[in-house]
Amino acid sequence: MPVRSGWLSPDGQSREDTRLVSLGALTPTSPVATRSGVLPGSSEGLYRIAGFTLTGTSNSMSATVGPGRALVQSTDARGAYPVALTEYLPLTFADGDPLYSRIDLVVLRIYDDVYDSADAAGRAEAVVEIVPGTPAAAPTVPGLPGLSLPLYQVTVAAKASAGTGGITWSSALDRRTATVGVGGILPVVSDTTGGSYPGQYRDLSGRLQRWSGTAWTDYPVLPTWQSWTPAWTTGSGLATPSYGNSVLNCRYVKFGTTVHLSFSIQFGTTTNFGTSPLTSDNWRFALPTPASAVHQMVGWAEAGASNGARAVCRIYLGTTETFELGLASGRPDATAMVTPTWGTVDSLTPWTWAGGHAVRGTATYEAAS
């Protein structure tokens, strides 16, 4: 069998064995133990794990396991077993049961009679083997034998044989897990195992995560959308409005110095649009976080009083702390916008605001820090 192992054979190991099996410190699970798994990588760089890939032959009960390197950890005192499969290895599954399906496991197993005299029975080798499951109406996965690493889970349907179309290989479940060198980024797809040390990294299906000491967290920490209530003032400092029972839905997210925001403000029956407002009392809304500079254009909004009384507004930063709404269109009902009902939105522009009217928009800007 082309399965080579290191530090296992009682007759010693060849120089080829030593060159082929994994050397060096891999992902730790204790001060002296290592995470079991297959070493990641593929010749094309396309796959997380290419070693020990199971490839089934159509319309048959046969498959092959591809070359790869792995490590199987035993107890802390017993140590870890490095293994290398150097050639494609054929496997043949037993025909299906006449009545029920079963689930078989393909495993990489270590036999070491120094520690397992009963199971190993004079054997000191690493093998890839099939662990047959028990046929049943609701078959279950068989338990892992001895010191072994699961590779694949294969369902063998009732009456399956080469003459009946063989095994449906697309249903085979990949059970391989990876292990990498200390400090390496561990590639995983669905892994509930905790980390080994704070500062350890893993790639979870394309997401980089860091072990904090108690949990895996996205790295860098991915920001989440948050609510904010923009303070509502005027550029003149006069005729200051207040929300009253307005309905606000204002959210923002900050990625580094990039801020995305959205807002929806529907004024209510107790909204106060300011005492004796003038068209010079332009509305200002506070930003969720200060901007790096004023800006003439950061987004778009819609001012709305009814289906016909609506207008597009340009969102601009008149200060680094606030945004304002500059009218940028006419109304759908073709009502003329004339002085003083155009310019920057205020309590009288582009109409006299009242409860039930609304302003909604989105913007993106550069934060000061």
Side-chain angles (χ1 to χ4, degrees), residues 1-3 35-73 83-110 126-180 186-193 202-207 216:
M1 179 177 287
V3 182
R35 173 187 168 102
S36 295
V38 179
L39 272 68
S42 62
S43 58
E44 312 91 342
L46 295 175
Y47 308 105
R48 292 173 179 270
I49 303 176
F52 295 91
T53 296
L54 180 75
T55 304
T57 302
S58 299
N59 302 313
S60 78
M61 305 297 290
S62 300
T64 58
V65 176
R69 293 190 297 165
L71 192 95
V72 184
Q73 174 69 46
V83 177
L85 174 62
T86 58
E87 302 173 15
Y88 286 92
L89 181 69
L91 292 178
T92 300
F93 292 78
D95 288 349
D97 181 78
L99 295 177
Y100 299 117
S101 298
R102 71 172 192 272
I103 299 174
D104 291 353
L105 275 180
V106 179
V107 302
L108 173 61
R109 185 173 182 181
I110 301 296
V127 299
V128 175
E129 64 182 23
I130 298 170
V131 180
T134 301
T140 57
V141 181
L144 283 173
L147 182 56
S148 61
L149 180 69
L151 300 176
Y152 282 87
Q153 180 177 311
V154 179
T155 298
V156 180
K159 301 180 182 179
S161 68
T164 61
I167 292 173
T168 303
W169 297 108
S170 60
S171 65
L173 180 62
D174 190 346
R175 293 280 301 273
R176 294 171 298 171
T177 56
T179 189
V180 294
L186 183 68
V188 296
V189 177
S190 58
D191 194 328
T192 58
T193 306
R202 73 177 187 180
D203 183 318
L204 177 62
S205 298
R207 289 164 50 203
W216 289 106

Nearest atoms (heavy-atom pairs only) where V83 meets I110: CG2-CD1, 3.7 Å
Nearest-0.5 Å distance that lies between atom CD1 in I130 and atom CZ in F93: 4.0 Å
Distance-only, no hydrogens or angles: does the S148 side chain make a donor-acceptor pair with backbone N or O of L108 under 3.5 Å? no
Can you find a pair of side-chain heavy atoms, one from L105 and one from L151, that are under 4.5 Å apart? no
Can you tell me how far apart CZ (R48) and OG1 (T177) are? Round to the nearest 0.5 Å. 13.0 Å
Would you check if L91 and V128 make a side-chain contact, meaning some heavy-atom pair closer than 4.5 Å? yes
Are the side chains of D191 and R202 in touch, meaning some heavy atoms are under 4.5 Å apart? yes
Report yes if some heavy atom in the side chain of T86 is under 4.5 Å from a heavy atom in the side chain of P67; otherwise report no. no
L149 vs V38, test: side chain to side chain contact (heavy atoms under 4.5 Å, CB included). Steps then yes/no. CA-CA 9 Å; L149 180 69; V38 179; 4.2 Å; yes
Among pairs that include at least one residue of residues 166-176, which meet side-chain hydrogen bond (donor to acceptor under 3.5 Å, both in side chains), considering only residues two or more places apart or in two chains? T53-R176, Y152-R176, Q153-R175, D174-R176
Please list, one pair per line, the donor and acceptor atoms closer than 3.5 Å that link side chains of residues 96-104 to other protein atoms, with sequence neighbours excluded.
{"residue": "D97", "atom": "OD2", "partner": "L99", "partner atom": "N", "Å": "2.9"}
{"residue": "D97", "atom": "OD2", "partner": "Y100", "partner atom": "N", "Å": "2.9"}
{"residue": "S101", "atom": "OG", "partner": "A158", "partner atom": "N", "Å": "3.4"}
{"residue": "R102", "atom": "NE", "partner": "D104", "partner atom": "OD1", "Å": "2.8"}
{"residue": "R102", "atom": "NE", "partner": "D104", "partner atom": "OD2", "Å": "3.2"}
{"residue": "R102", "atom": "NH1", "partner": "D95", "partner atom": "O", "Å": "3.0"}
{"residue": "R102", "atom": "NH2", "partner": "A94", "partner atom": "O", "Å": "2.8"}
{"residue": "R102", "atom": "NH2", "partner": "D104", "partner atom": "OD2", "Å": "3.1"}
{"residue": "D104", "atom": "OD1", "partner": "G133", "partner atom": "N", "Å": "2.9"}

For the residue pair F52 and L89, establish whether any side-chain heavy-atom pair is separated by less than 4.5 Å. no
Side-chain donor or acceptor of T57 paired with backbone N/O of A63 under 3.5 Å: no
Give a yes or no on whether the backbone of P40 and the side-chain of R69 come within a donor-acceptor separation of less than 3.5 Å. no
Are any non-hydrogen side-chain atoms of V106 and V131 less than 4.5 angstrom apart? no
Ignoring hydrogens and angles, tell me if any N or O in the side chain of T64 forms a donor-acceptor pair with the backbone of G56 under 3.5 Å. no
Do the side chain of R35 and the main chain of A178 share a donor and acceptor less than 3.5 angstrom apart? yes
Would you indicate whether the side-chain heavy atoms of V180 and P187 approach each other to under 4.5 Å? yes
I49 CD1 to S42 OG distance, which is reported to the nearest 0.5 Å: 10.5 Å
V72/L147 under side chain to side chain contact (heavy atoms under 4.5 Å, CB included): CA gap, chis, key distance, verdict: CA-CA 7 Å; V72 184; L147 182 56; 3.7 Å; yes
Side chains of T179 and L39, heavy atoms from C-beta outward: is any pair under 4.5 Å? yes
With distance as the sole test, does W216 use its side chain to make a donor-acceptor pair with the main-chain N or O of T193 at under 3.5 Å? yes
